Amino acid sequence: MTEILFYHMQRQPLEKVLPNLLERSLERKWRAAVQAASEERLQALDDQLWTFSDDSFLPHATDRDADAASQPVILTLRDTNPNAASIRFLVEGAELPPDAGSYERICILFDGTDQDALLRAREQWKQAKEGGHAVAYWQQDESGRWQKKA
């Protein structure tokens with residue numbers, strides 16, 4: 001059964017949250033796929049993962065790159081799994097993939113200040129529960145730390 005985690009971002013934007021979650025995934029030796037819903041977001045994430053820290057970067061590629069299958073982190077607009085990822089991150093309302101059950105974990109990151117994003121996350125929660133997945137809801141506290149709420 002795939003574990004689906006919902007991350008309700010309130011104190012930090014996606015550009016701060018995602019790199020930390022990707023680093024934790026790589027520490028676990030998991031390959032990761034990040035699915036965005038727009039070309040603009042995909043390009044922004046591609047640029048940002050190289051420069052998010054002065055002393056670090058996250059090795060990654062887009063699924064259009066020739067060596068996509070060998071990359072630890074793939075950025076994509078599609079619902080495929082070109083690098084055999086164990087964990088998938090869905091951002092800006094990207095849909096649950098048809099093969100959701102093939103991942104160890106799926107993380108849905110959404111902006112808690114965006115009403116449309118909140119409504120979309122609620123729909124995805126319902127879809128995940130109906131699909132028989134284990135779901136959990138995480139929200140940032142005042143200091144930006146994640147607290148499990150459900």
Side-chain angles (χ1 to χ4, degrees), residues 1-114 116-118 120-121 123-125 127-129 131-140 144-148:
M1 177 185 316
T2 300
E3 182 179 31
I4 300 181
L5 307 179
F6 289 77
Y7 285 92
H8 185 155
M9 298 177 295
Q10 291 181 284
R11 306 284 181 221
Q12 296 173 321
L14 177 66
E15 293 77 17
K16 294 277 188 192
V17 172
L18 183 61
N20 291 327
L21 293 173
L22 287 170
E23 284 182 324
R24 289 183 190 161
S25 298
L26 295 178
E27 288 169 4
R28 291 181 169 197
K29 308 291 186 221
W30 286 353
R31 288 176 173 258
V34 179
Q35 183 179 347
S38 70
E39 184 64 40
E40 295 79 19
R41 174 64 76 184
L42 186 84
Q43 186 59 52
L45 290 174
D46 188 19
D47 294 342
Q48 203 263 334
L49 292 180
W50 291 117
T51 61
F52 77 94
S53 172
D54 289 339
D55 59 350
S56 182
F57 70 95
L58 282 163
H60 69 281
T62 70
D63 60 355
R64 293 172 279 211
D65 293 321
D67 62 346
S70 66
Q71 295 297 318
V73 177
I74 285 295
L75 306 177
T76 185
L77 295 175
R78 297 190 288 268
D79 60 9
T80 60
N81 190 359
N83 68 337
S86 300
I87 185 168
R88 186 171 198 92
F89 294 89
L90 303 177
V91 301
E92 68 172 0
E95 297 283 336
L96 281 172
D99 64 344
S102 68
Y103 294 90
E104 288 191 43
R105 183 175 290 167
I106 293 176
C107 298
I108 298 172
L109 287 73
F110 63 97
D111 181 352
T113 64
D114 180 333
D116 290 335
L118 286 169
R120 178 72 192 121
E123 291 171 16
Q124 289 177 309
W125 176 277
Q127 181 184 6
K129 293 279 283 182
H133 301 288
V135 295
Y137 172 76
W138 294 82
Q139 187 174 23
Q140 287 178 308
R145 283 181 262 152
W146 294 104
Q147 301 291 321
K148 188 174 183 179

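The structure displayed is predicted, hence computed values, not measured ones.
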Taking the side chain as every heavy atom from C-beta outward, state whether Phe89 and Leu22 have any atom pair closer than 4.5 Å. yes
Euclidean distance, Leu109 CG relative to Met9 CE, rounded to 0.5 Å: 5.0 Å
Pairwise distance CD1(Ile74) to OG1(Thr62) - rounded to 0.5 angstrom: 7.0 Å
Side-chain (Asp79) to main-chain (Leu96) donor-acceptor, under 3.5 angstrom: no
Side-chain heavy atoms of Leu18 within contact of Phe52, under 4.5 Å: no
Roughly how far apart are Leu45 CG and His60 NE2, rounded to 0.5 Å? 8.5 Å
Asp46 versus Gln43: any side-chain heavy-atom pair under 4.5 Å? yes
Those residues at least two apart in sequence (or on a different chain) that pass side chain to side chain contact (heavy atoms under 4.5 Å, CB included) with Asp111 are Thr113, Asp114
Do Leu49 and Pro19 have side-chain heavy atoms sitting under 4.5 Å apart? yes
Rounded distance [0.5 Å steps], OG1 in Thr51 versus CD in Gln48: 5.5 Å
Intermediate values then yes/no, side chain to side chain contact (heavy atoms under 4.5 Å, CB included), Asn81 and Tyr103: CA-CA 10 Å; Asn81 190 359; Tyr103 294 90; 3.4 Å; yes
How long is the straight-line distance from CD of Gln140 back to CZ of Arg145, given to the nearest 0.5 Å? 11.5 Å
All heavy atoms of Pro72 vs all of Pro59, minimum pair found to be CG-O, 3.5 Å
When you look at Glu123 and Arg120, which way does the salt bridge (Lys or Arg N to Asp or Glu O under 4.0 Å) test go after all the steps? CA-CA 5 Å; Glu123 291 171 16; Arg120 178 72 192 121; 3.0 Å; yes
How close do Asn83 and Ala68 get, counting heavy atoms only, and between which atoms? CB-O, 3.5 Å
Considering non-hydrogen atoms only, spot the tightest contact between Glu39 and Leu77 and give its length. OE1-CD1, 3.4 Å
Side chain to side chain contact (heavy atoms under 4.5 Å, CB included) partners for Ser53, two or more places apart: Asp55, Ser56
Are the side chains of Pro82 and Gln71 in touch, meaning some heavy atoms are under 4.5 Å apart? no
Which atom names give the shortest non-hydrogen contact between Phe6 and Ala121, and what distance separates them? CE2-O, 3.5 Å
Heavy-atom check, side chain of Ser25 versus side chain of Val73, under 4.5 Å: no
With side-chain contact (heavy atoms from CB on, under 4.5 Å) as the test, pick out the partner of Trp146 among Asn20, Val17, Leu5. Val17
Determine whether a donor-acceptor pair (N or O, by modelled atom type, separation under 3.5 Å) exists between the side chain of Gln124 and the backbone of Ala94. yes
Who passes side chain to side chain contact (heavy atoms under 4.5 Å, CB included) against Ser102, sequence neighbours left out? Asp99
Starting at CD1 of Ile87, measure out to CZ of Arg31 and round the result to the nearest 0.5 Å. 14.5 Å
Which residues satisfy the side-chain hydrogen bond (donor to acceptor under 3.5 Å, both in side chains) test with Gln147, sequence neighbours excluded? Asp141
Are Arg88 and Thr2 packed together at the side-chain level, in the sense that at least one heavy-atom pair is separated by less than 4.5 angstrom? no
Under the rule for ring-ring contact (aromatic ring centres under 6.0 Å, His included), what residues qualify as partners of Phe110, not counting sequence neighbours? His8
Tell me, please, which residues at least two apart from Glu104 pass side chain to side chain contact (heavy atoms under 4.5 Å, CB included). Trp30, Ser86
Closest contact, heavy atoms only, Lys148 versus Ala136: CE-CB, 3.8 Å
Closest approach of Ala33 and Ala85, non-hydrogen atoms and distance? N-CB, 3.6 Å
Under 4.5 Å between any side-chain heavy atoms of Glu40 and Glu92, yes or no? no
